[in-house]
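Only one structure is covered here, and it is reproduced in the block below.
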Amino acid sequence: MTSFTINGRVVEITAEPDTPLLWAIREHLKLTGTKYGCGLAQCGACTVHVDGEPTRACVTWLEDVAGKEVTTIEGLSEDGSHPLQKSWIAEQVPQCGYCQSGQIMQAAALLKNNPAPSREEIVDHMDGNICRCATYDRIIKAIQRAARES
């Protein structure tokens, strides 16, 4: 059994220690905002925060989060009022929407550590989060908007 905190709630999951965190989140806890993309930590669709750091849940084992704080897209804001969620809508970022929770979680980590990033800092930080619809310019604009409005 592995115990950790997710979105402010302590949970205990009975699963093998090498179970990917992604599957614990989606299958055991039924939090489906975090998506499976590649399974190789190369697309960013599964990005969550572990102790405040963006982490690819598909290659993070359950045993690696024991006693830690995990935040998923559902924990970013209960009602969608986080500045990034609002700016994502305002800038009409999603097309298919599949990668968006990972994109937003990656961006949230950036703004937490750097509330006024330059365009170059945004591009560098978001590198590795893939959007197959190629809405990268809108993603950058949404992050810039969230930084201005926060």
Side-chain angles (χ1 to χ4, degrees), residues 4-9 11 13 15 18-65 68-150:
F4 60 98
T5 302
I6 188 159
N7 302 334
R9 179 173 59 105
V11 295
I13 295 180
D18 62 350
T19 298
L21 176 60
L22 176 62
W23 299 125
I25 290 169
R26 290 184 58 82
E27 299 298 322
H28 293 268
L29 300 174
K30 304 302 183 197
L31 297 171
T32 57
T34 305
K35 304 299 184 201
Y36 174 81
C38 66
L40 301 169
Q42 294 185 4
C43 74
C46 68
T47 302
V48 298
H49 295 173
V50 176
D51 288 343
E53 294 298 318
T55 303
R56 304 299 199 245
C58 70
V59 295
T60 301
W61 308 134
L62 196 52
E63 67 185 351
D64 296 334
V65 299
K68 295 185 178 181
E69 173 74 35
V70 176
T71 305
T72 67
I73 190 72
E74 292 91 347
L76 196 60
S77 165
E78 290 183 17
D79 60 0
S81 64
H82 188 280
L84 281 166
Q85 292 168 316
K86 288 178 168 180
S87 69
W88 239 248
I89 293 167
E91 295 296 334
Q92 300 178 356
V93 174
Q95 285 185 22
C96 85
Y98 197 81
C99 70
Q100 298 311 302
S101 63
Q103 298 276 0
I104 290 171
M105 294 305 288
Q106 186 74 17
L110 170 64
L111 294 181
K112 180 181 175 193
N113 295 319
N114 182 355
S118 68
R119 185 179 200 288
E120 182 178 298
E121 289 170 326
I122 293 169
V123 170
D124 286 346
H125 184 81
M126 298 302 292
D127 186 39
N129 279 70
I130 297 171
C131 175
R132 292 180 190 262
C133 300
T135 63
Y136 298 113
D137 285 334
R138 291 185 204 169
I139 289 168
I140 293 165
K141 287 179 186 175
I143 296 168
Q144 290 170 327
R145 177 186 283 245
R148 281 191 314 270
E149 295 178 359
S150 293

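When a residue number appears, it is its place in the shown sequence, counting from 1.
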- prompt: When you measure from the side chain of T19 to the backbone N and O of A15, does any donor-acceptor pair fall under 3.5 Å?
  reply: no
message: Going by salt bridge (Lys or Arg N to Asp or Glu O under 4.0 Å), name the pairs with one or both residues in residues 18-43, residues two or more places apart or in two chains.
response: none
Minimum heavy-atom distance E74-L31, with the two atoms named: OE2-C, 3.5 Å
field: side chain to side chain donor-acceptor pair (under 3.5 Å) partners for D79, two or more places apart
entry: S77, S81
query: Looking at side-chain heavy atoms only, is the closest gap between V11 and T5 below 4.5 Å?
result: no
- request: Find out whether D64 and L21 are in side-chain contact, i.e. whether some heavy atom of one side chain is under 4.5 Å from a heavy atom of the other.
  value: no
field: Taking every non-hydrogen atom, the tightest pair across V93 and R138
entry: CG2-O, 3.4 Å
- line: d(I104 CD1, L76 CG) to nearest 0.5 Å is 7.5 Å
Atom CD of E63 with >12 non-hydrogen neighbours under 6.0 angstrom: yes
message: Keeping D51 on the side-chain end and E69 on the backbone end, is there a donor-acceptor pair under 3.5 Å?
response: yes
message: Could you check whether any side-chain heavy atom of C99 comes within less than 4.5 Å of a side-chain heavy atom of I130, counting everything from C-beta outward?
response: no
query: Do any pairs count as a salt bridge (Lys or Arg N to Asp or Glu O under 4.0 Å) and have a residue in residues 107-135, sequence neighbours left out, and if so which ones?
result: R119-D137
query: In Å, rounded to the nearest 0.5 Å, how long is the span from NE2 of H125 to OG of S118?
result: 12.5 Å
task: Find the distance between SG (C43) and CD (Q103) and round it off to the nearest 0.5 Å.
output: 9.5 Å
- line: For L84 and A107 the tightest heavy-atom approach is CD1-C, 3.6 Å
message: As an exercise, state the distance from CG of L111 to CD1 of I122, rounded to the nearest 0.5 Å.
response: 7.0 Å
query: So, T71 and N7: side-chain donor and acceptor under 3.5 Å apart, yes or no?
result: no
- prompt: Does Q106 reach the side chain of H49, with side-chain heavy atoms less than 4.5 Å apart?
  reply: no
- request: Side-chain contact test, heavy atoms from C-beta onward, threshold under 4.5 Å: evaluate it for V123 versus Y136 and give yes or no.
  value: no
task: Check the pair Q92, T135 against side-chain contact (heavy atoms from CB on, under 4.5 Å), reporting the backbone distance first and the verdict last.
output: CA-CA 9 Å; Q92 300 178 356; T135 63; over 6 Å; no
message: Could you go through F4 and L62, starting from their C-alpha distance and side-chain angles, then the distance that decides it, and tell me whether this counts as side-chain contact (heavy atoms from CB on, under 4.5 Å)?
response: CA-CA 9 Å; F4 60 98; L62 196 52; 3.7 Å; yes
query: Which atom names give the shortest non-hydrogen contact between G102 and T47, and what distance separates them?
result: O-CB, 3.7 Å
query: How far apart are the closest heavy atoms of E91 and K141, and which atoms are they?
result: OE1-CB, 3.8 Å
message: Quick check for you: to the nearest 0.5 Å, what is the distance between W61 atom CH2 and W23 atom CH2?
response: 12.0 Å
message: With a 4.5 Å cut-off on side-chain heavy atoms, are C96 and C133 touching?
response: yes
query: In Å and rounded to the nearest 0.5 Å, what is the NE2 to OG distance from H82 to S150?
result: 7.0 Å
- prompt: Does some side-chain heavy atom of I143 sit less than 4.5 Å from a side-chain heavy atom of W88?
  reply: yes
- prompt: Side-chain contact, heavy-atom cut-off 4.5 Å: V59 with L40?
  reply: no
statement: Tightest non-hydrogen contact, residues M126 and I139, listed as CE-CG2, 4.3 Å
